[in-house]
Amino acid sequence: MVTDERGESLIGASVLVENTQIGTVTDIDGQYSLEVPADAQRLIFSYTGFSTETVELGVSNVVDVTLAEGVV
């Protein structure tokens, strides 16, 4: 799930597997689903008017992110 600092869902936020063209956007609830290659190391989350966040992939198959407003 991708949310802002107030916990509001970000609709249409971009989720991209770093160094690939594999990606998706979040739905009306801020949810997304993405098939990530086994060798992928990071996901990049972005949304207009918010900071871009890069998250290291770990053991979990669920990655939730909160993006900060005001940074392009």
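- Summarising the geometry, atom CG belonging to Leu34 is positioned 7.0 Å from atom CD1 belonging to Ile22; distances are rounded to the nearest 0.5 Å.
- Formation of a donor-acceptor pair under 3.5 Å by the Thr26 side chain with backbone atoms of Leu10 is found in this model.
- Residue pairs that meet the salt bridge (Lys or Arg N to Asp or Glu O under 4.0 Å) test with at least one member in residues 16-37, sequence neighbours left out, are Glu18-Arg42.
- Judged as a ring-ring contact (aromatic ring centres under 6.0 Å, His included), not a single pair has a partner in residues 3-25 (not counting sequence neighbours).
- Other members of the cluster containing Val25 do not exist, because no ILVMFWY side chain is joined to it at under 4.5 Å.
- Across all non-hydrogen atoms, the minimal contact from Glu69 to Arg6 is OE2-NH1, 2.8 Å.
- Pairs engaging residues 19-44 under the ring-ring contact (aromatic ring centres under 6.0 Å, His included) rule: Tyr32-Phe45 [sequence neighbours left out].
- Chaining together hydrophobic side chains whose heavy atoms lie under 4.5 Å apart leaves Val59 on its own.
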Donor-acceptor contacts under 3.5 Å from residues 60-67 side chains, at least two apart:
from  : atom 1 : to    : atom 2 : distance (Å)
Ser60 : OG     : Val62 : N      : 3.0
Ser60 : OG     : Val62 : O      : 3.2
Asp64 : OD1    : Met1  : N      : 2.6
Thr66 : OG1    : Thr3  : OG1    : 3.4

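- Pairs of residues two or more places apart, or lying in two chains, never qualify as side chain to side chain donor-acceptor pair (under 3.5 Å) while including a residue from residues 7-17.
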side-chain contact (heavy atoms from CB on, under 4.5 Å) between Leu43 and Leu16, intermediate numbers included: CA-CA 6 Å; Leu43 293 180; Leu16 182 67; over 6 Å; no
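- Residues Leu57 and Ala40 share a closest heavy-atom pair of CD1-O, 3.8 Å.
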